[in-house]
Structures are given as structure tokens and as C-alpha cells.
Number of protein chains: 2
Amino acid sequence: MSVVETPRARYRQVAEELRNAIKRGEYQPGEMLPSQPELARKYGLNQTSINRAIALLRAEGLVRVEHGRGAFVQLVPTVKRTRRVPRPGGNGSSFADEMRKAGLDPRTELVSLRTDPAPVGVAERLGLDEGGPVVVRERHMFASERPVQLAISYIPLTVAGSEDIAVPDVGPTGLYKRLAERGYVVTRFVEEIESRRAHPNEAGFLGLTDAQQVLEVARVVFAGEQPVETVVNVFPAQQWRLSYEWNAEGAGLT
Amino acid sequence: MSVVETPRARYRQVAEELRNAIKRGEYQPGEMLPSQPELARKYGLNQTSINRAIALLRAEGLVRVEHGRGAFVQLVPTVKRTRRVPRPGGNGSSFADEMRKAGLDPRTELVSLRTDPAPVGVAERLGLDEGGPVVVRERHMFASERPVQLAISYIPLTVAGSEDIAVPDVGPTGLYKRLAERGYVVTRFVEEIESRRAHPNEAGFLGLTDAQQVLEVARVVFAGEQPVETVVNVFPAQQWRLSYEWNAEGAGLT
DNA sequence: TAGTGGTCTAGACCACTGC
DNA sequence: CAGTGGTCTAGACCACTAA
């Protein structure tokens, strides 16, 4: 009934040793691990077993493998994302601000801006009929030129008026100001966090194996009872820490 | 440079087919998959390859393998955990309440109540010197007798006075009331969410492979500037959705 | 005991990279 | 081209479960 893996398996031991060597700094970030045949010789194992060991490290995000080149120690800068309620001073928590605070150089790339029929989940969150028109804004985010985040925003066309609501590219504050001008004053946020495997296209952009996990944060923005926007953010799970802060008001928690 | 796995590998295809069969309900939750030799025959593959395919499904949490018995389709009831700010009415979001709302039968088991020196991370969050005495309360949570969550609470002994602060076993509301009686009125919460591999002991209790991910939610509870409690919650990542809600106050987000 | 899953080998072949 | 990683086989042996 015990589901815990006995760590006696040789390939697990190898993974363990490599893991420790990396943590001790014997292999530096960016550096290449010894090749699989070489490790096989060193540990007296078959290449197949070595391959298995390295698969573990890949799934953990500790190592990044480039086919035909080698296995490289992954630099894993943990990034933090904070939501404060109420906000201490104005719009303190945009992506760009947080990256700069962490000493990283932020860049956002607008991948696509279009009007599309709403996919199922989105329609549901926005209270639309499936296929109802939504303005879709898709962005890729980089920190010091490393891809770190992916965001897709959906706004019902009836709320947005037109795609121009997001042109020229605006930060969220700008967007919500424009929504307010159209009579939709933002009053409430809901964020749902989910952990799942990366989709192939996400894995491609974020440089992950499809065995790796991402955090999906789906936010719905309300103006009164009316959902006016939903944003799906996708983060490599190993590289982020999400943080929420709020004040007590007769609180009780578990 | 493409890091996306080509899905041509036979073992990936097998995993894909089994995944679909499970989603179509061809294999029901709790049911056993065909044995590995049998699948090997069916797909014209070696058992080794089948084993690899099933390893993928394990890591996804879709299948639970019991050594010597077989591979069983895992029931994955997604559970939701919500934090509302401000709370709509009193203490609406305890573990027990949320489980009942989801139609599940909650049970909490007090595993251990003791006074210990504070571990590094805990001391840091509580603003203590490492090793400073803390009251440790460790709980296991079940939903309809399935282990679903794990919680360890740490309170500085100077704040708690004694272990009795948590005896008889109290819900959080009760705990915070007792803290208030001791002059610590809770005013602020911070929660940090992190995704990581399960530790062996966690994997044991939660019934996971150590390849599977958990969500760790570390909460710090403040009375003014004084941290009075920190709680570490651990959830099987695949089985939970975390949710946060708050009101806008001149908001701006990314 | 027979049936289940987990590991390992020795060797093969393929795919990709970079010279 | 040589060197890298990825997949697959045929067969072996081990560990665990249930009868």
C-alpha cells in the first residue's frame, strides 16, 4: 500500500547525486552536464538508466535538455507576484513593476489582438453565450529576455466597443480607465489558481518539457455584477511564487 | 531549439490513447487498467514501453499504481478553496464548510501537538530567532475518507502562552478568539503559493508518487506588525483549485 | 504460487546539432 | 561527419500482492 518510491533504484540515486551536485554548485547554471554515455561509464550504468535519471531532473525543471546538444543546468530565478488588498498606493503591482523590483528587465510583446468567438470556458466566466464575440489580447512576457509568463485577455465586444480599447497597448490601469469611460467601473476581482501540465504551445514559448507543470491563474474582473474581462495567466510553476495579502474583517480561516 | 516533445514516440501515443479512453469513461474510476503485459500485447510493444506510458499517466495523477496489484483509474474530484475579502458573512470559508458545500464529508485528524524549536523558514516568517520555541499543530484532513490536505501551524510560544491554546481542538475562529483574549487581535493575512514536488512523507499520506506536484500555501497571520501564526497547507496540485476574491480600490493589475 | 508492477542490460536505430 | 539525446527491444530479475 505504500506508494512512496523506495529510493534504491539506481537511476533515482543518480538523479539524487546530480541534484545535489547542482545544488552544491558543482555544475553551474548554463553549464552542460556530462553526456549520457559519459555518466553511464561514471556510474557503471546503461545509458538508458542515465536517460531516465535525467528525465527526473527535467520534470523538476532543474535541467533543460536540448536535443543533439546536451543537458544544461537551468537557471531558476524565482519570481514573485503579489496581490495586495487594499492596494497600498495606486497601481503598485503590474508585471513590469514587479520585475523591476526583482532586478529584472521586463518586456511585454503583443502577440495578437483580434475579435473571436468566445471559447467555452471564457464564455462561461464572462456570462456570454458560447461563441459570443470577444476582443482577444494575447501577450508574451519576458524578464531579462527570458520568457516567463503568458497572458490572454478576453473582453466581451459589447463591453469593449471595439478592439481599439487596447490600442495603443495599455497597462491594466489604462485599460480599466477606458472601461470606466464606457460606463464599466471595475469593482471586484476573482482569481482562480490551478496547476496543470503545460500545453504544447505554452511549453514551446516557455521552454518547458510537456511533463512540466504550469500555474494557470484565471482572473475575472467585474463591474458590479457584470463580468467585463477575464485574463488567463500562465506561469512555469517552478519559477514563480504567488502571493496574496488582505486585511482581517472578522476573519476565520482553516 | 524546439523543446516540445514530438508525440510520435509510441509510449506517448499509448499514454494518449489510455488518457482518452479514461476520459471517455471506458475505464471507470477505481477500475483496474489491463496489466502491462496485456497492454504490451495489445499495442505490439515491449512491457518496458508500456511501463513508461503508464508513468506519464501517474505523474498526471490520472492513474494510481499499487505495486503487485495493478494500475487503477484515479478519481480526481477537484476541490475548491476560496478566500473572500472582505468575508461576506462571518467565517464562511473553513475547510469543513467548503467540503460540505462540495458535497463531501470532512474530517480533520490532529496528528501532533507539541512545542518545538522553530525550523529556519518558519522562524523567518515569524520574525523569530532560529530555534525559538513554537507551538506546532499538525493536522491531516480527509474528504469522505480520502486524504486531501495537510496542515502544520506554528505559533510562537511567547504568543500562545502554552500548547493549551489549541486544546480542545479549535477551528481557526476559535483560535483567533483566544489569541485576541491574549491581546493579539488579528489584522492581516499574507498567503504565498508555491508549486513543488511532494516530499516523501507528504506523498505517503496523500497517496501520491513523488513525481507529483503539490501546492504549498504558506500563510502568515499578523496582529498589527507582529506575526502571530504561520500555517503551511499542502494540497495535491491536481485535485485543488484555489480561489481569491477581492474588491477594487483604485486597482491596477497585469 | 501465479500475477502484478519496477528496474536494468546490451545493443540497436533514429533525430538533432554543429563542425 | 562525430557527438549529443530519445526510443525501443528481448530478456532477465526483483519486489509486492493475493490466494
Side-chain angles (χ1 to χ4, degrees), chain A residues 1-16 18 27 30-59 62-74 200 203-204 207-212, chain B residues 1-16 18 27 30-59 62-74 200 203-204 207-212:
Chain A
M1 169 57 195
S2 167
V3 193
V4 187
E5 312 301 308
T6 62
R8 277 167 237 151
R10 302 281 281 108
Y11 77 92
R12 286 180 187 279
Q13 294 177 27
V14 171
E16 180 70 20
L18 290 173
Y27 302 112
E31 205 174 322
M32 188 180 134
L33 291 184
S35 75
Q36 293 185 1
E38 202 172 326
L39 288 171
R41 274 194 304 280
K42 175 171 173 187
Y43 289 103
L45 278 178
N46 196 292
Q47 182 190 333
T48 310
S49 298
I50 297 296
N51 187 287
R52 245 186 128 173
I54 290 189
L56 287 183
L57 303 182
R58 293 180 72 170
L62 221 61
V63 147
R64 173 199 179 102
V65 174
E66 298 187 24
H67 194 167
R69 297 226 307 132
F72 301 87
V73 176
Q74 178 71 293
L208 306 174
T209 312
D210 58 5
Q212 279 181 274
Chain B
M1 168 59 195
S2 166
V3 193
V4 186
E5 310 302 305
T6 62
R8 276 168 238 151
R10 304 280 282 109
Y11 77 93
R12 287 180 187 279
Q13 294 176 27
V14 170
E16 180 70 21
L18 291 173
Y27 302 111
E31 206 174 322
M32 188 180 134
L33 292 184
S35 76
Q36 293 184 2
E38 201 172 327
L39 288 170
R41 276 195 302 280
K42 174 171 172 186
Y43 288 103
L45 278 179
N46 194 293
Q47 181 190 334
T48 310
S49 299
I50 298 296
N51 187 288
R52 245 186 127 173
I54 289 188
L56 287 183
L57 303 183
R58 291 179 74 168
L62 221 61
V63 147
R64 173 198 178 102
V65 174
E66 298 187 25
H67 193 168
R69 299 225 307 132
F72 301 87
V73 177
Q74 178 72 293
L208 306 174
T209 312
D210 59 4
Q212 280 181 273

**Request:** Whole angstrom is fine here: how far is it from OH in Y11(B) over to C1' in dG6(D)?
**Result:**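 Roughly 8 Å, once rounded to whole Å.
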**Message:** Applying the side chain to side chain donor-acceptor pair (under 3.5 Å) criterion to Q47(B), which one of R52(B), Q36(B), E38(B) satisfies it?
**Reply:**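 By the side chain to side chain donor-acceptor pair (under 3.5 Å) criterion, Q47(B) pairs with just one of R52(B), Q36(B), E38(B): Q36(B).
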**Prompt:** In whole angstrom, what separates F72(B)'s CZ from dT4(C)'s P?
**Reply:**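 One finds 11 Å between P of dT4(C) and CZ of F72(B), rounded.
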**Asked** So which nucleotide from dC8(D), dT4(C), dT4(D) ends up closest to the side chain of R10(B)?
**Response**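 Per side-chain heavy atoms of R10(B), the pick is dC8(D).
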**Message:** I need the CD-C1' distance between E66(B) and dG5(C), as an integer number of Å.
**Reply:**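 The distance from CD of E66(B) to C1' of dG5(C) comes to 11 Å, rounded to the nearest Å.
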**Message:** Show the nearest heavy-atom pair for residues A71(A) and V65(A), with the distance to one decimal.
**Reply:**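 A71(A) and V65(A) have their closest heavy atoms at CB-CG2, 3.9 Å.
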**Message:** In this structure, how many angstroms lie between the P atom of dG5(D) and the CG atom of L18(A), rounded?
**Reply:**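 Checked: the CG to P distance equals 12 Å.
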**Prompt:** Are any of S35(B)'s side-chain N or O atoms less than 4.0 Å away from OP1 or OP2 of dG3(C)?
**Reply:**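 Checking S35(B) against dG3(C): no side-chain N or O falls below 4.0 Å of OP1 or OP2.
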**Asked** Among dC16(C), dG18(C), dT4(C), which is the nearest nucleotide to the side chain of R69(A)?
**Response**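 Among the listed nucleotides, the one closest to the side chain of R69(A) is dG18(C).
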**Prompt:** Where the side chain of R10(A) meets the backbone of G44(A), is there a donor-acceptor pair that is under 3.5 Å apart?
**Reply:**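 No: the side chain of R10(A) does not pair with the backbone of G44(A).
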**Whole angstrom value for the distance that separates P of dG6(C) from CG of L33(B)** =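 My rounded result for the distance is 12 Å.
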**Message:** Is the shortest side-chain heavy-atom distance between L39(B) and V14(B) below 4.5 Å?
**Reply:**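 In short, these two side chains do not touch, never coming nearer than 4.5 Å.
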**Item:** Stretch residues 37-53 of chain A: residues that reach within less than 4.0 Å of DNA chain D through a heavy atom
**Value:**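 Of all residues in residues 37-53 of chain A, the ones placing a heavy atom under 4.0 Å from DNA chain D are P37(A), Q47(A), T48(A), N51(A).
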**Message:** Would you say Q36(A) places a side-chain N or O within less than 4.0 Å of OP1 or OP2 belonging to dG6(D)?
**Reply:**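 Looking at the OP1 and OP2 atoms of dG6(D), one of them is under 4.0 Å from a side-chain N or O of Q36(A).
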**For atom CZ of R64(A) and atom P of dG6(D), their distance in whole Å** =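 From R64(A) CZ to dG6(D) P: 13 Å.
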**Item:** Atom pair distance, as rounded to whole Å: NE2 in H67(A) and C1' in dG5(D)
**Value:**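 Nearest whole value for this atom pair: 4 Å.
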**Prompt:** Can you tell me how far P of dG5(D) sits from CD1 of I54(A), to the nearest Å?
**Reply:**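 Spelled out: CD1 on I54(A) to P on dG5(D) is 6 Å.
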**Message:** Taking side chain to side chain donor-acceptor pair (under 3.5 Å) as the definition, give me every residue that meets it alongside R41(B), ordered by chain and number, with sequence neighbours left out.
**Reply:**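 Checked R41(B) against side chain to side chain donor-acceptor pair (under 3.5 Å); zero matches.
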**Request:** Kindly indicate whether the side chain of Y27(B), heavy atoms from C-beta on, has any atom under 4.5 Å from the side chain of L33(B).
**Result:**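 Touching, per the 4.5 Å side-chain cut-off.
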**Request:** Report yes if some heavy atom in the side chain of I54(B) is under 4.5 Å from a heavy atom in the side chain of R58(B); otherwise report no.
**Result:**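 I54(B) vs R58(B): side chains touch.
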